[in-house]
Amino acid sequence: MRLTAFFLPTLKETPSEAQIASHRLMLRAGMVRQSAAGIYSWLPLGWKVLRKIEQIVREEQDAAGAQEMLMPTIQSADIWRESGRYDAYGKEMLRFTDRHDREMLYGPTNEELITQLFRDNVRSYRDLPKILYHIQWKFRDEVRPRFGIMRGREFLMKDSYSFDVDFEGAKRSYEAMFTAYLKTFKRMGLTAIPMQADSGAIGGNLTHEFHVLAETGESGVFYDSAYDELAAKGEIDLAALNNLYAATDEKHVPGGPNVPPPERLREARGIEVGHIFYFGTKYSKAMNAQVQGKNGEPVFAEMGSYGIGVSRLVGAIIEAYHDDRGIKWPEAVAPFKVGLVNLKVGDATCDSVCDDLYGKLVAAGVEVLYDDRDERAGVKFADLDLIGLPWQLVAGPKGLAQGVVELKSRATGEKHEMSVESALARLIG
RNA sequence: CGGGGAGUAGCUCAGCCUGGUAGAGCAUGGCGUUUGGGACGCCAGGGUCGCAAGUUCGAAUCUUGUCUCCCCGACCA
C-alpha cells in the first residue's frame, strides 16, 4: 500500500478525551474514530489489526475442533424470555421494537440463540460433542464506557459454545478451549494468566478469566510469581498452570486456601481478554435442549461458553507494546510488516530504488506500507514510529550513494545499514 | 445511577467574569526558501460559537430548558 493512497489520518496532538495509552495511540495512529459514547468506527489501519487478531483467534478455535458460524446481531426477545434472562439482564441490554411492535434486542451474548439452534437441530448423543463459535459484534449498554475500545458498548467478540452429553465431555471441551486460549494469546505476544473468577450473571461453577497484566487494567488480580517463570519458559503446561494460584480480586481471599506465601504472591492489574464458563444444564434445561442418550433416555446437554474480546485485544496489545513514540506491534498482528521510507521523493535514485523495493516486497507477499509522500524525513519517521510497524526500511540519497539502505527494528530500535539485496533477503526470508 | 467538568475552525484551546462585527497555534490549499528525526516566510480557505427558548437595541458572553461528550465513583459474562 502506498501511503499517498492510504486513508491514515494521524494526529500530532492527543485528543483530550483519551486517558490511557492504547486509546490515545489508537486515535493518534488513525486506527479508530469515536462516533458515540463507546461506539467506534474502525479506520483501515485499525481494521487491518482487528482482522489479524480475529484470524489468529479463528485459527486456534478451528485447531481446537470448534466450528465457525455466524449468528445475527439482532435477536428476538422471545428466546430470552424462555431462558429467564430477558428480565434478569437489566439495562445493559439494548431493547427496541420493530415496526410490528415485536420486541427485539441487540445481542449482548448468544447462549439463547445457540441453544435454540442446538435444540431444533440435534437429536442424538452421537452428534456430540460439538463446539460452535462465531465472531460477531455485540452491544452492551454499559453505564460508563471508557478507555476507548477497551470498554466500548459495541465490541467484537468471539464466543464459542460447547455441547456435550455428560460432565466428562463438558470438561474435555472446557480444557480444549482453555488450551486454545493460552495458545491464542501467546501467538499475539501476550501473556494471559488464567484466573479463578466470579461467574457473574452467566452462572455456573467452573470458570476462568484470562487476564493480560497491564498497569491500566480494570481488574485487580493476585497470582503466584511462579507464573512469571512459567511464562518466561514459553511453553503451555496445563497441569502446571492448574496448580498455580491466580485469582481476581473478587475471588481472592487473603490468607485463604492455596494462596501462596507473601514472597510469592504478586498483586497486579489485569485486562480481561477472555472468559470461559462451564455452566452445565442451565440453559439446556431452561430452554429444553435435549438429546437422546445411549439408552434412549432424554439428556439435557451439558454446555459451556467461551468468550474472547477481539476488539479489546487490540487495546490490550497496545498497552503491552508501546513506548512514548507510539505503538510497537508484534509481527503477528502488525497491520503491515514493513514501512518503506523514501526519504527524498522526487530524487530519481531514491524513487527508483524505493519503487523497485516496494514491487519486490509486494511480489514476495510481504505486507508493506510505502511512505511515498513528499514530506520531510522527521514527519515520516514520527508517523512510522507512531503506527508501529515492526520494520522500517529507510532509503535516502546519502545511504544510496554508498549503496546501502537502513533497516530498523521498531521493537528494539536497532538500526543496520545493508545493501538493498540483503535488506530484501532479511524481510522476505 | 450519584458527583464533577466540558461543548467556539479538522485537532489543542483562548475569548464569557464586565453583552457591542469570532481569535491563536497546529492541520489544510497556493507560492517561495528548505530537506537524514514532527522546518521557515508570505498568502488563502475554513466556524449554524451543541440545540431551543428567554432577557436585551444588540447574546459565544446573561437566564432557563434540553442534547451530547468526558472524568471520579458505583456497576460491569
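Per chain, numbering begins at 1; letters A, B, ... match sequence-line order.
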Rounded distance in Å - CD (A/Glu17) to C1' (B/U68): 13 Å

Find the distance A/Leu343:CG to B/U34:C1' and express it as a whole number of Å. 15 Å

Do you know which of A/Trp329, A/Tyr358, A/Phe6 makes ring pair (Phe, Tyr, Trp, His ring centres under 6.0 Å) with A/Phe336? A/Phe6

A/Tyr161 and side chain to side chain contact (heavy atoms under 4.5 Å, CB included): which single residue from A/Asn110, A/Thr115, A/Leu113 fits? A/Asn110

Classify the nucleic acid contact of [X] as base, sugar-phosphate or nothing, counting any heavy atom under 4.0 Å across all strands shown.
{"X": "A/Arg153", "answer": "nothing"}
{"X": "A/Pro397", "answer": "base"}
{"X": "A/Lys408", "answer": "base"}
{"X": "A/Asp383", "answer": "base"}
{"X": "A/Ala382", "answer": "base"}
{"X": "A/Arg33", "answer": "nothing"}

Ignoring hydrogens and angles, are the base of B/C76 and the side chain of A/Arg151 linked by a donor-acceptor pair under 3.5 Å? yes

Check: B/G38 base within 3.5 Å donor-acceptor of A/Arg373 side chain: no

Taking the six-membered ring where the residue is Trp, are the ring centres of A/Phe178 and A/Phe210 under 6.0 Å apart? yes

Given the side-chain rings of A/Tyr278 and A/Tyr174, with only the six-membered ring counted for Trp, is the space between their centroids under 6.0 Å? no

For [N], which nucleotide is its Watson-Crick or G-U wobble mate, given both distances must be under 3.5 Å?
{"N": "B/A24", "answer": "B/U12"}
{"N": "B/U55", "answer": "none"}
{"N": "B/U66", "answer": "B/G50"}
{"N": "B/G29", "answer": "B/C43"}
{"N": "B/C1", "answer": "B/G73"}
{"N": "B/U35", "answer": "none"}

Winner on side-chain proximity to A/Arg146, out of B/G73, B/C1, B/G37, is B/G73

Using the 3.5 Å cut-off, write out each protein N or O paired with an N or O of nucleotides 25-30 of chain B and the distance between them.
residue: B/G25; atom: N2; partner: A/Glu13; partner atom: OE1; Å: 3.1

Does a side-chain N or O of A/Gln392 approach OP1 or OP2 of B/G37 to a distance below 4.0 Å, or not? no

Under 4.0 Å from OP1 or OP2 of B/A39: is there any side-chain N or O of A/Arg376 that close? yes

Does A/Leu11 or A/Glu218 map to a spot on RNA chain B nearer the 5' end, using the closest nucleotide for each? A/Leu11

Upstream residue (5' side of RNA chain B) when A/Lys158 and A/Gln34 are each assigned their closest nucleotide: A/Gln34

Carboxylate-amine/guanidinium proximity below 4.0 Å for A/Lys171 and A/Glu302: no

For residues 36-50 of chain A, tabulate all N or O donor-acceptor pairs below 3.5 Å that involve a side-chain atom, not counting sequence neighbours.
residue: A/Tyr40; atom: OH; partner: A/His23; partner atom: NE2; Å: 3.4
residue: A/Tyr40; atom: OH; partner: A/Gln34; partner atom: OE1; Å: 3.2

How would nucleotides 42-47 of chain B be written as a contact map, 5' to 3', with B for base contact, S for sugar-phosphate-only contact and - for no contact, using protein heavy atoms under 4.0 Å? ------

